[in-house]
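Below is one structure, written out as structure tokens, with a few remarks after it.
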Number of protein chains: 4
Amino acid sequence: MQVSATQPMPEKEHEFKAGRPRSEESRRAILDATRRLLTHMSVNKVSIEAIAKKAGVGKTTIYRWWPNKQSVVMEAVFTQPGFQNFMPQADNAFEGIKGQIEKLVRQLTGKNGRIVAEIIGECQGDVEILKALVKNFFQDRYNSLAYYIQKGKQDGTFDTGVDVEVAIDVILGPVIFRLMSGQNLDEAFSRNLTNMVRGAMGAKHTA
Amino acid sequence: MQVSATQPMPEKEHEFKAGRPRSEESRRAILDATRRLLTHMSVNKVSIEAIAKKAGVGKTTIYRWWPNKQSVVMEAVFTQPGFQNFMPQADNAFEGIKGQIEKLVRQLTGKNGRIVAEIIGECQGDVEILKALVKNFFQDRYNSLAYYIQKGKQDGTFDTGVDVEVAIDVILGPVIFRLMSGQNLDEAFSRNLTNMVRGAMGAKHTA
Amino acid sequence: MQVSATQPMPEKEHEFKAGRPRSEESRRAILDATRRLLTHMSVNKVSIEAIAKKAGVGKTTIYRWWPNKQSVVMEAVFTQPGFQNFMPQADNAFEGIKGQIEKLVRQLTGKNGRIVAEIIGECQGDVEILKALVKNFFQDRYNSLAYYIQKGKQDGTFDTGVDVEVAIDVILGPVIFRLMSGQNLDEAFSRNLTNMVRGAMGAKHTA
Amino acid sequence: MQVSATQPMPEKEHEFKAGRPRSEESRRAILDATRRLLTHMSVNKVSIEAIAKKAGVGKTTIYRWWPNKQSVVMEAVFTQPGFQNFMPQADNAFEGIKGQIEKLVRQLTGKNGRIVAEIIGECQGDVEILKALVKNFFQDRYNSLAYYIQKGKQDGTFDTGVDVEVAIDVILGPVIFRLMSGQNLDEAFSRNLTNMVRGAMGAKHTA
DNA sequence: AGGTAACCGAGACGGTACGTCACGTCTTTAC
DNA sequence: GTAAAGACGTGACGTACCGTCTCGGTTACCT
């Protein structure tokens, strides 16, 4: 996963690159340092300067590869194991959605949740960065959910009148809202939400 | 509406207050300046220094009455006419909720929505400030919705198994999530969401 | 001793003064507070605000009676017992000068010396304040020395070619210079200086 | 002349220095701006902020290289041409001292004198800064005078009982005292003082 | 006895400057 | 050409005091 606000895609098979190549070691050091700093302080308080110092890296090296702090933090957080959202495996539409909710709630429980809330917060001030956030974090969840909702509408599990976009908002929204209003995310919430989503989609109450 | 992070309630009929009294003029100038700055730039970019300068006021005067920038901005934005959320008038539980959604979506459409999104974002970095946000913005909406949901559960409009807290998340969450993921808030969304909420509450589909 | 930078002389036998009279209690509290603060910190660090607070007095009360911090400090320090310089008693011109040197060195030994050095320093930035300093501290010493020098010139103890002003500089200068260059003022210095002054005045070396 | 409060001596032949080197241009701009400001206002009124602004330089750049305002001002003033005090050339001990007095009085006549008085004043509040003042301004004069006095004591020009330290105080003290008590420094004073110093040193009156 | 006027404490006010922090850029040497 | 180091101009931070200004309340003398 290449997390970045700008570069579309530097794909090229075997391009000649003069000069010293990018240091993979530095890249890792930067992301590691960022993650370590985030355990001690809020995204807000983490500075590029602190990351550079902790990583034993020049500030320029960070600015060369990431356009801003938010991008660094996003890459550091969202590429951690456990934060990926692989494509659907469930056969049953509703089970798929249920799984998505459970997984998301699990991912956002505890310290990680707070960090993600702060990241979402930090991205509000700039449209480009907000787009990058959507691309790097929400898009995958969005796609998975869209897949299941479409599937459910086709196989009669869900009401055909359901608007996919709004349905996704009804699923992701409550989780993110809980997170950002400082409330607990736990398994009970996950279960309750799942039930309400079922009703919202016009699903037969069979569970 | 007194927007502030801390003061609980200095209720006293005729308390003696030594010293020069607080300048109502300065207070207004500060909030006005803040509002005017917010039309030009993001919350992030607005500085206490800029507010003070634009208001023709010493920085100390701001710090004397507000603990941080977020509090100033919250008071400036949330006390504007049109941002209050008065207590329920609707007789019908569902109509009440529908009204709440419509009003909220209307309030968050356009520039105001962006500003609120940024405020919510700015509040993520500090628990105390986050609490102040909840108190100053979400609490009223929360209470209104809780009232209607309770009412609906009692009069049989809604499923009695509905968890009030989660139900509120399902109503407010999608709106806030839309806002903070950079999507449009419009009347169509409002209508669609209302329908899904009806289903989520286990309401009889009579509309 | 009325220490002040400005007032020339409001002497009037029984002038009518309407209104509440000046509070002697506050005046004393201010000077006491100043003295106490000066034992803990440099003149520089002492603020009118701190004096007012420590004295339990409004800032206005200080500004009503003293034009600036330096004046307060001068009055606080120079009116202390032991800082007065009474007029000459010695019969012998040289003995008089010797006594003046000894007294001055004694007064400026230890903490008091440091404070006086700081006062002199603080007065350099403003001509009016500097004049007040001269009037409040140096004038008396100056006059005493001038008296003895004149006397010595008349009775043949000192060379008649001696310029009184410069002679005074030769007497006071070394003491003040020692003080302000951070060196020790002690009895040995006092004795050495006295001897050199004798030579400088063209006195017969009889001691 | 390297004016500074602290650094002992970073002597190294060809030390490797990573990073962007110190900007000589900024250094000069800072000292120039300081000098220009000092022609308009007292040392007291000159602020680091004003220097930075006038020099077109960040405040940090000043704080990086000087520990406080006094150090900047000292370097700005004392490194000016005409303020250096080169080592003795005179063969005759008394002529040497006479020359030192004349030069010092010349240096401290007019605006420069006022500025130096203010610098000495500003340095009284802090021992470290006072030491720096002594090192940067007084030490050279001190050494020159000590050389001549020693010489004079050896060749019989001066009384052998003269204490070198006190003798220096008797020479420098009157000048500095005149300066700081707001009196004139002129050629007549210089001549008068020289004569008295001669007597003080126990020299034969041959002039 | 009441009026009037200057005093007093408290503390808010518009300011200026402080010294620090982080920003994003630039300039050097080394790899 | 990329890297670490670190200096640079910029701008905001939150704090400390400045000297002034309102407040309510307090003496005192003079009618």
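Residue numbers begin at 1 in each chain, while the letters A, B, ... track the order of the sequences.
- Taking for each of B:E49 and B:G58 the nucleotide of DNA chain E with the nearest heavy atom, the 5'-most of the two is the partner of B:G58.
- Looking only at side-chain heavy atoms (C-beta outward), B:M74 and B:L133 come within less than 4.5 Å of each other.
- When atom types are taken as modelled, the side chain of D:E118 and the backbone of C:G125 share no donor-acceptor pair closer than 3.5 angstrom.
- An OP1 or OP2 oxygen of F:dT2 is reached within less than 4.0 angstrom by no side-chain nitrogen or oxygen of A:S26.
- Distance, D:Y63 OH to E:dT20 P: 7 Å, rounded to whole Å.
- Between A:L31 and A:V72, the shortest heavy-atom contact is CD2-O, 3.9 Å.
- Closest to the side chain of C:K59, from the set F:dC18, F:dA3, F:dT15, is F:dC18.
- For the pair C:R22 and E:dA6, the criterion of a side-chain N or O lying under 4.0 Å from OP1 or OP2 is not met.
- Of the residues in residues 33-45 of chain D, none lies under 4.0 Å from DNA chain F by heavy-atom distance.
- Side-chain atoms of C:V57 lie closest to E:dG9 of the nucleotides E:dA17, E:dG9, E:dC7.
- Residues B:V46 and A:T61 each lie close to DNA chain F; by heavy-atom proximity, the contact nearer the 5' end of the strand is made by A:T61.
- Minimum atom distance to the side chain of D:S23 is reached by F:dC8, of the listed E:dC8, E:dC18, F:dC8.
- The CD1 atom of A:I62 sits 14 Å away from the C1' atom of E:dT25 (whole-angstrom rounding).
- Not a single donor-acceptor pair under 3.5 Å links the side chain of A:K59 to the backbone N or O of A:A52.
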Step-by-step side chain to side chain contact (heavy atoms under 4.5 Å, CB included) determination, C:W65 to C:R27
CA-CA 9 Å; C:W65 302 108; C:R27 187 184 149 279; over 6 Å; no
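- Atom CG of B:D126 is separated from atom P of F:dC13 by 16 Å (rounded to the nearest Å).
- Counting to the nearest Å, the C1' atom of E:dC18 and the CD atom of D:Q70 are 13 Å from each other.
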Which parts of nucleotides 23-28 of chain F does protein reach within less than 4.0 Å, heavy atoms only, written one letter per nucleotide 5' to 3' as B for base, S for sugar-phosphate only and - for none?
BSBBBS
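- Of the two residues near DNA chain F, A:E24 and D:R64, the one whose nearest nucleotide lies more 5' is A:E24.
- Side-chain atoms of C:T61 do not come within 3.5 Å of backbone N or O of C:V57 as any donor-acceptor pair.
- Nearer the 5' end of DNA chain E, as judged by each residue's closest nucleotide, is the contact made by C:A55, out of C:A55 and B:T60.
- By the 4.0 Å N-to-carboxylate-O rule, D:R35 lies too far from D:E75 to be salt-bridged with it.
- No donor-acceptor pair closer than 3.5 Å links the side chain of D:R114 to the backbone N or O of D:S42.
- One interatomic measurement links the two molecules: NZ of D:K53 to C1' of F:dC8, which rounds to 19 Å at whole-angstrom precision.
- Side-chain contact between A:C123 and A:I120 is absent, with no heavy-atom pair separated by less than 4.5 Å.
- Here the P atom of nucleotide F:dA4 and the CD1 atom of A:I51 are 14 Å apart, to the nearest Å.
- For the pair A:E25 CD and F:dA4 C1', the computed distance is 12 Å after rounding to whole Å.
- Taking atom CD1 on A:I48 and atom P on E:dT25, their separation rounds to 11 Å, with Å as the unit.
- Judged purely by atom type and a 3.5 angstrom limit, A:K54 has no side-chain atom pairing as donor or acceptor with the backbone of A:L37.
- Picking from F:dG19, E:dC8, F:dA3 the nucleotide with the shortest atom distance to the side chain of C:W65 gives E:dC8.
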